[in-house]
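Below, chain A is the first sequence line, B the second, and so on; all start at residue 1.
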Amino acid sequence: MIEDELKELLRRALQAAAPGLGLDGELPEPELFTPRQKEHGDVATNVALALAARAGRPPVEVARAIVEALPPAPFVERVEVAGPGFINVFLAERWLVDVVRAVAAAGERFGWAPPSGRRAQVEFVSANPTGPLHIGHARNAALGDALARLLEAAGWQVEREYYFNDAGGQMDRFGRSVEARYLELVGREAEVPEDGYHGEYVRDLARDILAAEGPGLADLPADERLVRLRSEGVRRVLAQIERTLERFGVRFDSFVSEASLAERGEVGAAVDRLRAAGYAYEADGAVWFRSTAFGDDKDRVLVRSNGVHTYFGADCAYLIDKFSRGFDRLVYVWGADHHGDVARLRGAAAALGYDPEAVEIVLYQWVTFRRGGEPVAMSKRAGTFVTLDQLIDEVGADAARWHLLTFSNDAAMSFDIDEVKRRSMDNPVYYVQYGHARIASILRKAREAGVELRPIAEVDLDLLAHPSELDLLRAIAGVPGLIATAASMRAPHRLTHAAHDLAGRFHRFYTECRVVSDDEALTQARLWLARATQLVLAGLLGLLGIGAPERMERPDA
RNA sequence: GCGCCGGUAGCUCAGCCUGGAAAGAGCGACGGACUUCUAAUCCGUGGGUCGGAGGUUCGAAUCCUCCCCGGCGCGCCA
């Protein structure tokens, strides 16, 4: 809001200075930015540089003229013309200090935008329920969840959804695998199909089903038996997935089954609707979607020549289902290997009469998991894979999420399990969590010493003037902008970096400034600064789905 | 061949959307700081043709074009 006022002042100064500079016509909107170096002020503008050519004067002269015309304001300490013609504004420290009050009022939600009333759905993970989640799902889970949290902070009302395919060839193989293990357990001859699921977990599922349902399922007619065992298996796998996600800090609002869409006839309805819109046609016995009309490189099959719809066909029905629930924005979180499907999905939205802009696909590049530098080989069907549960057991949910949320979605990344675990001492996540715990400890110690945090209205925050204090304040003041930017860019990793930076500034402040001292007034101001930092750190970690501990034990080694 | 993503310090990566002042962080290396609120900390030093070449611009890691290298995708698979 200070920025808006400053912009208005600059606008007025520009207008006042324009005649003297020989400028007529439309004046540009002054763009503000935060200089990299704090010697360059708190806010700067390059408007003089942009106008120099038009004015036919050196940029520095233009800048001086604008500065001279700038009306005074209480929050402006001083204004400088610097470098090639930048106008650097130094804000009064009193203003900077106000952020402590703002944080005190907002708590961990400092920097959040007010509710916009707009609804977004984030659909993520959506792994087929043929087995436990494994490390291949980790980035999707971490990213989707952080994105959902971030959108909430940006004012969206968010629903998290998990879509699962419980029909199709893959599921048949899964069903037959469960069936085979079940039959084995009741003493019948059976074998897991070669292309089925051979992992030990399938045997566990069968054992569980046997314990709950008894041996009677073996005597059902073959078709019925398969369907029954498959659905019993799916139910258990999904429950297990939900438990794993819970441990990972992820909670879904809804689970949607592909089969249920088909059973309600929604897939057929979607195809009919596309046909009516003129975007579906028959060829070679199949029904095709004219995705080439929407930038795809070839048309796509909706219904195969054997009469069975494709996944894409179901996706169209699902799209209608999603839109019919009134979401303003549909966010899909996909691995980059699906980038080729983006055009057809958004095309389908357009063909169905929806705004394709409302369909947003967030892609992330692949993760190579390693142990001691060597890639971890995985095969789900052979049952050789590292589960997400194992990953959480080994490195912890916080460290795993932090690592997964450190990199830009667009960057392929490596996750060395041994390294993230072994290096836990200097893992950045602990650096940040320690910052939070350290503050908690200070507040605890202060209380033990009889120093209570006084109401902020009674505290003289203007006493905060040490460079490391101001650095901390500046970082806190940037958080609302950070959250807005990270959300609009769908880039949670910006929060990770900012949290690390903030923790660093706190550690520096801690080293240079004694919080609890004989100076009561200063102690109160610093306690509040520490408290505000703690709240903001907890808020940022919260958006990343990472815990903010009150205490951390010093490691021995 | 076409498409998407990457290429920035020894290593791992931010910064690029919306161009701006000496290009940042962590790790690693080297040298310092604990009688004081947790040293899981802090300070300092060294380290970069921002893949290459053109272009736009007063100004390019950032925008445009081409090229090189790497990853991924291009089924009536899931």
Side-chain angles (χ1 to χ4, degrees), chain A residues 31 33 35-37 39-40 44-46 49-50 52-53 58-59 82-86 88 128 130 165 168-171 173 283-288 295-298 300-313 335-343 363-366 368 406-414 416 419 423-435 437-446 448-449 451 468 485 488-489 491 493-494 496-498 500-501 503-504 506-517 523 526-527 530 551-555:
Chain A
E31 293 287 334
F33 64 95
R36 248 181 268 257
Q37 273 92 16
E39 295 77 36
H40 295 145
T45 179
N46 63 349
L49 286 158
F86 292 106
N88 295 337
N128 285 0
T130 55
N165 289 297
Q170 207 67 258
M171 287 313 304
R173 283 187 280 279
D284 306 324
V287 183
W288 298 71
D296 204 355
D297 53 356
K298 56 189 81 161
R300 307 291 169 174
V301 172
L302 290 161
V303 184
R304 294 191 276 261
S305 50
N306 65 6
V308 179
H309 65 264
T310 58
Y311 268 36
F312 176 58
D337 50 338
H338 288 99
H339 85 262
D341 304 344
V342 172
L363 296 171
Y364 59 91
Q365 297 292 319
W366 220 235
T368 308
T406 295
F407 310 103
S408 154
N409 322 337
D410 288 333
M413 58 172 286
S414 162
D416 194 314
E419 203 161 302
R423 284 207 200 158
S424 62
M425 300 308 178
D426 46 31
N427 190 318
V429 69
Y430 299 116
Y431 177 88
V432 176
Q433 288 187 321
Y434 175 54
R438 200 175 210 186
I439 296 169
S441 169
I442 294 170
L443 296 170
R444 232 174 7 242
K445 280 277 164 57
E448 284 165 18
V451 181
S468 65
T485 304
S488 77
M489 292 182 74
H493 74 279
R494 288 186 174 243
T496 315
H497 288 270
H500 191 267
D501 175 70
F506 178 77
H507 287 312
R508 222 160 298 131
F509 158 72
Y510 175 90
T511 305
E512 293 178 16
C513 299
R514 174 91 201 170
V515 176
V516 180
S517 68
T523 297
R526 287 182 169 166
L527 281 173
R551 292 172 193 276
M552 282 173 83
E553 296 309 318
R554 209 150 106 204

[X] side chain: which of [options] is closest?
X: A/Q170; options: B/G20, B/U36, B/A78; answer: B/A78
X: A/R438; options: B/C72, B/A22, B/A39; answer: B/A39
X: A/L49; options: B/G20, B/A14, B/C37; answer: B/G20
X: A/W288; options: B/C5, B/C76, B/G73; answer: B/C76
X: A/Y510; options: B/A21, B/C13, B/A39; answer: B/A39
X: A/T511; options: B/U41, B/A21, B/C4; answer: B/U41

In whole Å, I'd like the distance from the [atom1] atom of [X] to the [atom2] atom of [N].
X: A/N409; N: B/C5; atom1: CG; atom2: C1'; result: 11 Å
X: A/E448; N: B/U36; atom1: CD; atom2: P; result: 17 Å
X: A/D297; N: B/C74; atom1: CG; atom2: P; result: 10 Å
X: A/F506; N: B/U41; atom1: CZ; atom2: C1'; result: 11 Å
X: A/Q365; N: B/G73; atom1: CD; atom2: P; result: 11 Å

Is there a side-chain contact between [X] and the phosphate of [N], meaning an N or O under 4.0 Å from OP1 or OP2?
X: A/Y431; N: B/C42; answer: yes
X: A/Y311; N: B/C76; answer: no
X: A/K445; N: B/U36; answer: no
X: A/R494; N: B/C16; answer: yes
X: A/H500; N: B/C13; answer: no

Once you apply the 3.5 Å cut-off to both distances, tell me the Watson-Crick or G-U wobble partner of [N], or none.
N: B/C74; answer: B/G1
N: B/G6; answer: B/C69
N: B/C17; answer: none
N: B/A33; answer: B/U41
N: B/U56; answer: none

Across the strands shown, which category fits [X] at heavy-atom distances under 4.0 angstrom: base, sugar-phosphate, nothing?
X: A/H493; result: sugar-phosphate
X: A/A449; result: nothing
X: A/R508; result: sugar-phosphate
X: A/S517; result: nothing
X: A/A446; result: nothing
X: A/N46; result: base

Worksheet item: Rounding to the closest angstrom, what is the interatomic distance between B/G71 and B/A9 at atom C1'?
Response: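 Their C1' atoms lie roughly 23 Å apart.
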Fill in: Residue whose closest nucleotide on RNA chain B lies nearer the 5' end, A/G169 versus A/K298
A/K298
Item to complete: For atom CZ of A/R551, decide whether the heavy atoms of other residues, nucleotides or ligands shown that lie under 6.0 angstrom number more than 12.
Response: no
